[in-house]
Participant: 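This structure is in structure tokens; I'll ask about it shortly.
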Amino acid sequence: MNPGWWDPATPAEVARLLNHRRWWRHTAPFPHVRAVNVFRPDVYTALEQAFLSWLDETGGGTALAHHDLAGATLTESFEGPLRLFASAGWRRLVARATGAEVSQYVNVGLHHHRPWGDPGFPHNDLNPGWFSEDGAREVVLADPDVAYTTGRSTNGAARPVAQVRAVALLFYLANPVWQPEHCGCTGLYRSDRDDPSAPLDVVPPHNNSLLAFECTPWSFHGFVSGGPVPRNSLVQWFHRSPEQVRERWGDGVVTGYGGGAG
Amino acid sequence: MSRTSRSDRRRVGLVTDAGSRVGSALCQALAADYDLVAAYRSDPPLVPRQDAELFDPVRPRAAVPENRDRVFAVRADLTSRPDAERLVELALARFGSVDLLVNNAAEAGSRSLTTDPASVELGAAQLVTDVVAPVYLAALLATVAWRADEHGNRLRNRCVVNVVGAAGRGRGWAFSRASRAAVTVLSRQMAAEYRPLGVRVNAITSADVTDVSALDALVETLLELDAGHDTGRVVALDRTSTGPGTAGSGQARTPKVAT
């Protein structure tokens with residue numbers, strides 16, 4: 001592969017990394033996209049190795065509040081194949097695939113559920129996210145000087161800008177070959193009152209597969225339950241302005257934290 | 001015989017356990033030529049359906065030819081009478097009739113009779129799923145649709161195909177073997193009782209369908225049975241069947257009624 005292959009500028013350049021061009025678009029229980037065998041084997045291997053290197057170096061990152069998992073957020077200093085998910089080409093492709101209009105602000109995280117992790121709960125990911133304002137670049141990642149969930153800045157020079165999650169994407173990787181007894185699935189629900197252990201549909205964490213959806217008041221999903229093996233994923237959110245959210249759904253739809261992709 | 005002959009309308013098929021590996025394969029094989037109702041218990045079939053379609057992520061608005069033949073997927077636990085009735089109601093509402101009922105019980109499991117008494121209960125449940133539910137579903141169709149349409153049944157060459165899976169020998173296979181034997185006997189009895197309605201009934205006892213060639217053979221056999229004139233035939237894909245009403249001339253024969 002060419003050096004810098006993980007920085008495609010357009011969907012056409014991303015296409016060269018894909019294993020095939022048949023993804024699934026579902027409407028129930030809410031509109032979402034699924035795909036298996038997403039990337040070419042050599043591309044997936046590079047992504048997996050990058051993830052495993054991070055896991056090895058960090059032990060899985062820091063604990064995430066409200067969730068029984070650990071992780072890390074990619075910032076501009078993060079290098080290597082996983083930056084594919086922070087590329088302009090990937091951003092455009094995912095936005096088109098989900099039919100959502102997104103801004104330049106992207107949060108990319110690496111998640112590690114330890115074995116027998118606690119179940120999650122149905123949530124819609126329609127949450128706020130703060131970045132350091134930057135109108136110049138096509139993709140702007142999380143800034144370590146601006147707290148993503150609160151907008152609190154530790155650097156007087158940073159200008160926090162509020163965004164709202166517009167698209168959530170989970171890419172499963174670096175897991176043991178999945179068997180049903182491994183659990184670790186992402187559940188899809190009709191309501192936030194649904195029993196977390198009884199989703200309407202489940203997305204198994206097959207390596208090199210993804211789940212993506214527009215974050216709406218009804219995009220209820222969650223980590224169904226842990227099992228005897230860890231569950232690893234790359235999770236990312238694309239964003240839109242709060243004004244766009246208000247225009248579409250009115251006031252009061254954006255929820256606070258407790259949330260996070262399952 | 002053409003699968004779309006005797007009428008300008010496409011044949012309507014109803015496949016059960018459509019979310020299984022065999023069920024999905026049957027849906028894929030039939031969808032191009034049949035209007036298909038795909039009944040599944042928990043996992044829907046991996047084919048384009050009313051709530052799921054394929055698309056090209058690079059050109060997401062471009063038409064994708066695979067979506068042309070979508071199946072109508074219905075979630076139903078066929079061991080539940082209300083679910084079975086709802087399935088038949090939806091199938092008839094959607095397509096007006098059912099020409100081919102595929103009772104798919106092709107994926108068997110093994111359960112020891114001595115390890116845990118609970119496994120006996122599971123085995124009994126397997127008999128309900130593999131044997132009782134298919135007979136009930138066919139009876140429902142007969143009651144609400146076929147009994148009132150003898151002429152249409154013959155014109156459309158309507159058919160039930162009961163599919164039951166491989167059953168090994170020895171420990172763990174008692175219920176699978178029982179299912180297979182029961183489906184074989186019941187299919188022949190059904191053939192006799194459905195004959196006055198003009199509906200044919202046949203069965204396939206399949207080989208190990210984890211093998212791709214076995215799966216292809218099952219699909220091919222199903223299509224042949226649907227297109228043909230036989231009734232009371234039991235095709236054993238792991239060996240040659242010589243049961244009543246079988247083979248050769250393709251003429252419909254009066255099957256022996258089991259006693």
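Computed from a prediction, not measured in an experiment: that's the story for all the values here. Chain letters run A, B, ... following the sequence lines, proteins first and then strands; every chain starts at 1.
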Participant: Heavy-atom distances under 4.5 Å only: say whether A:Val202 touches chain B with side chain, backbone, both or neither.
Facilitator: neither
Participant: Mind checking the CG-CH2 spacing from B:Asp56 to A:Trp23? Nearest 0.5 Å is all I need.
Facilitator: 9.5 Å
Participant: For the atom pair CG (B:Asn67) and CZ (A:Arg25), what is the distance rounded to the nearest 0.5 Å?
Facilitator: 8.5 Å
Participant: Is the number of heavy atoms from other residues, nucleotides or ligands under 6.0 Å of A:Glu181 CD greater than 12?
Facilitator: yes
Participant: Around atom CZ of B:Arg75, are there more than 12 heavy atoms of other residues, nucleotides or ligands at under 6.0 Å?
Facilitator: yes
Participant: Can you find a pair of side-chain heavy atoms, one from B:Val58 and one from A:Val14, that are under 4.5 Å apart?
Facilitator: no
Participant: For the residue pair A:His26 and B:Ala52, what are the closest heavy atoms and their distance?
Facilitator: ND1-CB, 3.6 Å
Participant: What closest approach, in Å, do B:Leu54 and A:Trp24 show between heavy atoms, and which atom pair accounts for it?
Facilitator: CD2-CE2, 3.4 Å
Participant: Just how far is it from atom CZ of B:Phe55 to atom CZ of A:Arg21, taken to the nearest 0.5 Å?
Facilitator: 11.5 Å
Participant: Atom CD of residue position A:Glu79 - does it have more than 12 heavy atoms of other residues, nucleotides or ligands inside 6.0 Å?
Facilitator: no
Participant: Nearest 0.5 Å, what's the CG-OG distance between A:Asp201 and B:Ser42?
Facilitator: 9.5 Å
Participant: Please report the interatomic distance OG1(A:Thr27) to CD(B:Glu53), rounded to the nearest 0.5 Å.
Facilitator: 8.5 Å
Participant: Which heavy atom in B:Pro57 sits nearest to a heavy atom in A:Leu93, and how many Å separate them?
Facilitator: O-CG, 3.8 Å
Participant: Heavy-atom distance under 4.5 Å to chain B: side chain of A:Leu200, backbone, both or neither?
Facilitator: backbone
Participant: With a sphere of 6.0 Å drawn around CD of B:Glu89, does it hold more than 12 non-hydrogen atoms of other residues, nucleotides or ligands?
Facilitator: no
Participant: Within a radius of less than 6.0 Å around CZ of A:Arg137, do more than 12 heavy atoms belonging to other residues, nucleotides or ligands occur?
Facilitator: yes
Participant: For A:Glu101, look at atom CD and say whether over 12 heavy atoms of other residues, nucleotides or ligands are found less than 6.0 Å away.
Facilitator: no
